Structures are given as structure tokens and as C-alpha cells.
*Asks:* 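Let me give you the structure first, and then I'll get to my questions.
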Amino acid sequence: MNKNMQQYLEKAQVLIEALPYIQRFNRKIIVVKYGGSAMVDEELKKRVIEDVTLLKLVGFKPIIVHGGGKEISKWVGKVGMEPKFINGLRVTDEDTMEVAEMVLGRVNKSLVQLVESLGVRAIGISGKDGALLKVDKKYSDGQDIGYVGDIKEVNGQILYDLLEKDFLPIVCPVGLDDDFNTYNINADDAACAIARAVKAEKLAFLTDIEGVYKDPSDPSTLISELRVDEAKKLMDSGYIGGGMLPKLQNCIDAIEAGVSRVHILDGRIPHCLLLEIFTNKGIGTAILNSEESRYYHGEQ
């Protein structure tokens, strides 16, 4: 067998390995929270959008919920304001909210443009559109952090309608309170709330780390698969800290609200979504409910 033929056979094997996953998740909703370095690097951005577009074309129903924290900080600095954070949450006064909404809108339409360039119909919407995301004012340990929203209601019908019309929805995480004031929303929180509302089969977080570690200082302790009870024990153990703590809590909340599985992936790895979803081993951390099994064909 010549070398070229061997390469073709290896490609065919990859497609065969993906087949049971494509069959299982055909016509199922998957929510992708897109943020971190993968949004800043243009090449990585292209790869992520290619992944999501492929998911759409093989029968999934993807929804993208994007952040924009790094870009917002950059523009806040450009207009001469100093970014402020309390307990890891951005303090968002009226001027900062104006900048944040402008930047998030710009990011949103750039993602729509990328998806459209790959031949898939996309619609970018804000959480304000059709009252998609209704919020209450969020406080951080009792401290006022400005126009930061805590989602209390998701109008999932808007997303169902877009999916039914064969669009790929791309959601910008801002929302309205009962007095129609605009609030910035943490993109992780928005993705989790949306996944619960549309009863997503999968929720994938693209992050700047490989996944969840038993020991964050030791990369070899990456956990490939976690049940909800195991995740809770890990949080109680004190090993999990920083930004991973609320992210893991979001994962648990999503599973307990009916999402079958949640993936935490390193968005800096090209095509990380495809590697995690369509291969037997995956590359990140999968959090599952007690009935779910990650692996197929008896593989461990």
C-alpha cells in the first residue's frame, strides 16, 4: 500500500469514528459558548466557525453565544476609561455599558459574516431582541457592580423559530430589565441559561485551559470525564478556584436542568470542538449526568 493510500484510509477511519456521534446527535441542539483567546486570534476564530458550521451541515442545530471581554477591555482603554473588576466581574457603569454593547455588536456581526462566508445562513441577535434575555440587576457579594444582569427568563421560542427556519443563531449577551434598561451579561451565564431553556443536548465552553484538573498545578491530572456528583466533590475539595469555579457551577446547573452533557474545551486548539464531539477519547473535560455515557463501542 502506498503512502497516499494510507493517508486516505486514515481519513476514512476518522469519518467512520464520527458516524455514531453524528447519528446520535442528529437534529439535536448544541450550544457553544465562544470566548477567550479563540476570539482574538483570527486563525483560531476561523477554525471555531468552521467547526460550528460543519456541525450544522451534518445535522446538528448549533447556537453560538459569544463573549467579548478582552475586546471590551481594549476599547474601554482606547476611550480613556480604566477597566474595573470586583470579584472577577466587570464593573459596568453607563459609559462602560455603551462601549460594551458597541463592541459586542461588532463582534456579533463579524461572526455572522464568517458563518455566511461558509455557505450557512446565520442571524446575529442581542438578548434585547424579542426580550430574549430578561434580567435582574446582579450584585457581587452585596456590592453594586453597575449594569450587570442576572438572567431570570429566556424566551427560547425565538431560538426555536430561527432553528426551524434553518438559521444558525449567534447571540450577543446583553439583556433588558423590567424597566427596559440595558445590562451586560456574563457569556458563560447566558450560554448556560440558553442551553437550559432550549433543552440542549450539549453545551460546550471554549476556554483558555485544557479542561478541569484534579490539581491545577499539574497538567497530567486533566480529568476526561466527570459525573455531577464527582464535580461537586471536586469543588468542595478546594482544588478548584478562580474562574473555573463559577464555570463548573454553570456546568452542574445545566446538567441538573436537563442538558445531557457539558464540555469544557481549550479553544486555543484548532478544531477542538470536532475533536471532542466526534472522537472516542475527546480532548477536554466532559461533565455528564448519571445516565449518560461518553464513550461508544465499549471504549474507555
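Small disclaimer: the values here were computed from a predicted structure and weren't measured. Below, all heavy atoms of this structure are taken into account, side chains as well, without hydrogens, waters or symmetry copies.
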*Asks:* Working to the nearest 0.5 angstrom, can you tell me the gap between M102 CE and I72 CD1?
*Replies:* 9.5 Å
*Asks:* Linking I/L/V/M/F/W/Y whenever any side-chain heavy atoms sit under 4.5 Å apart, do L57 and I63 land together?
*Replies:*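 Yes, L57 and I63 fall within the same hydrophobic cluster.
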*Asks:* Looking only at heavy atoms, what is the nearest atom pair of A197 and Y160, with distance?
*Replies:*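 Closest pair (atom of A197, atom of Y160, distance): O-OH, 3.7 Å.
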*Asks:* Should the pair K138 and Y183 be classed as cation-pi, given the thresholds of under 6.0 Å to the six-membered ring centre and 45° from the axis?
*Replies:*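 No, K138 and Y183 do not form such a contact.
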*Asks:* Do the side chains of E42 and R47 get close enough for a salt bridge, i.e. N-O under 4.0 angstrom?
*Replies:* no
*Asks:* Measuring from L104:CG to N184:CG, what's the distance to the nearest 0.5 Å?
*Replies:*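 Going from CG on L104 over to CG on N184, the span is 6.0 Å.
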*Asks:* Step by step, work out the side chain to side chain contact (heavy atoms under 4.5 Å, CB included) result for I30 and I277.
*Replies:* CA-CA 11 Å; I30 174 170; I277 291 173; 3.4 Å; yes
*Asks:* Please report the interatomic distance CD(E230) to CG(L288), rounded to the nearest 0.5 Å.
*Replies:*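 The distance works out to 9.0 Å.
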*Asks:* Counting neighbours of NZ on K109 that are heavy atoms of other residues, nucleotides or ligands and sit closer than 6.0 Å, is the number greater than 12?
*Replies:*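 Yes.
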*Asks:* Got a sec: does the NZ of K137 have more than 12 other heavy atoms crowding it under 6.0 Å?
*Replies:*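 Check passes, neighbour count above 12.
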*Asks:* Show me, pair by pair, the donor-acceptor contacts under 3.5 angstrom made by side chains of residues 163-173, not counting sequence neighbours?
*Replies:*
residue	atom	partner	partner atom	Å
D166	OD1	K56	NZ	2.6

*Asks:* Would you say D178 and K152 make side-chain contact, with heavy atoms under 4.5 Å?
*Replies:*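 The answer is yes, as the side chains (C-beta and beyond) meet within the 4.5 Å cut-off.
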*Asks:* Determine, stepwise, if the pair D188 / F205 fulfils side chain to side chain contact (heavy atoms under 4.5 Å, CB included).
*Replies:* CA-CA 8 Å; D188 284 1; F205 290 99; 3.6 Å; yes
*Asks:* Run the salt-bridge test on K46 and D51 with the 4.0 Å N-O cut-off and return the result as yes or no.
*Replies:*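 No, this pair does not count.
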*Asks:* Is it true that D177 and K134 have a side-chain N and a carboxylate O under 4.0 angstrom from each other?
*Replies:* no
*Asks:* Report the residue from L111, V65, L273, V52 that forms a side-chain contact (heavy atoms from CB on, under 4.5 Å) with Y34.
*Replies:* L111
*Asks:* Any heavy-atom pair between the side chains of L226 and V212 that's under 4.5 Å?
*Replies:*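 With C-beta onward as the side chain, the pair touches.
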*Asks:* Taking atom CG of L248 and atom CD1 of I264, what is their separation to the nearest 0.5 Å?
*Replies:* 5.5 Å
*Asks:* Does atom CZ (R106) have a neighbourhood of more than 12 heavy atoms from anything else shown, all under 6.0 Å?
*Replies:*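 Open: at most 12 neighbouring heavy atoms sit under 6.0 Å from CZ of R106.
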*Asks:* For S140, check side chain to side chain donor-acceptor pair (under 3.5 Å) against everything at least two apart and list the hits.
*Replies:*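 Counting only residues at least two positions away or on another chain, S140 forms a side chain to side chain donor-acceptor pair (under 3.5 Å) with N87.
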*Asks:* Could you go through K61 and K28, starting from their C-alpha distance and side-chain angles, then the distance that decides it, and tell me whether this counts as side chain to side chain contact (heavy atoms under 4.5 Å, CB included)?
*Replies:* CA-CA 6 Å; K61 292 183 174 183; K28 298 293 177 62; over 6 Å; no
*Asks:* Connecting only ILVMFWY residues whose side-chain heavy atoms lie within less than 4.5 Å of each other, what is the rest of F180's hydrophobic cluster?
*Replies:*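 Result for F180 is L176.
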*Asks:* Just verifying a value: how many Å separate E98 CD and T96 OG1, rounded to the nearest 0.5 Å?
*Replies:*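 Interatomic distance, E98 CD to T96 OG1, rounded to 0.5 Å: 10.0 Å.
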*Asks:* Minimum heavy-atom separation for I255 to I287, with atom names?
*Replies:*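 Scanning both residues, the minimum pair turns out to be CD1-O, 3.4 Å.
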*Asks:* Tell me, with the steps shown, if K202 and S260 meet side-chain hydrogen bond (donor to acceptor under 3.5 Å, both in side chains).
*Replies:* CA-CA 6 Å; K202 288 174 175 284; S260 293; over 6 Å; no
*Asks:* Around atom CD of E256, are there more than 12 heavy atoms from other residues, nucleotides or ligands closer than 6.0 Å?
*Replies:* yes
*Asks:* Is the shortest side-chain N to carboxylate O distance from E225 to R227 below 4.0 Å?
*Replies:*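 Counted as a salt bridge, because a side-chain N and a carboxylate O are separated by less than 4.0 Å.
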*Asks:* Identify whether the distance between the nearest side-chain nitrogen and carboxylate oxygen of E101 and K128 falls below 4.0 Å.
*Replies:* yes
*Asks:* Any side-chain heavy atom of L234 sitting closer than 4.5 Å to one from I223?
*Replies:*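 Yes; the side chains approach each other to less than 4.5 Å.
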*Asks:* Classify the ring geometry between F60 and F25 as parallel (under 30°), tilted (30 to 60°) or perpendicular (over 60°).
*Replies:* tilted
*Asks:* Any non-hydrogen side-chain atom of H66 less than 4.5 Å from a side-chain atom of V107?
*Replies:*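 With C-beta onward as the side chain, the pair touches.
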*Asks:* Quick one: CD on E153 to CG on L133, what's the gap to the nearest 0.5 Å?
*Replies:*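 Atom-to-atom, E153:CD and L133:CG are 10.0 Å apart.
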*Asks:* Any chain of hydrophobic side-chain contacts (each under 4.5 Å) joining L274 to V58?
*Replies:* yes
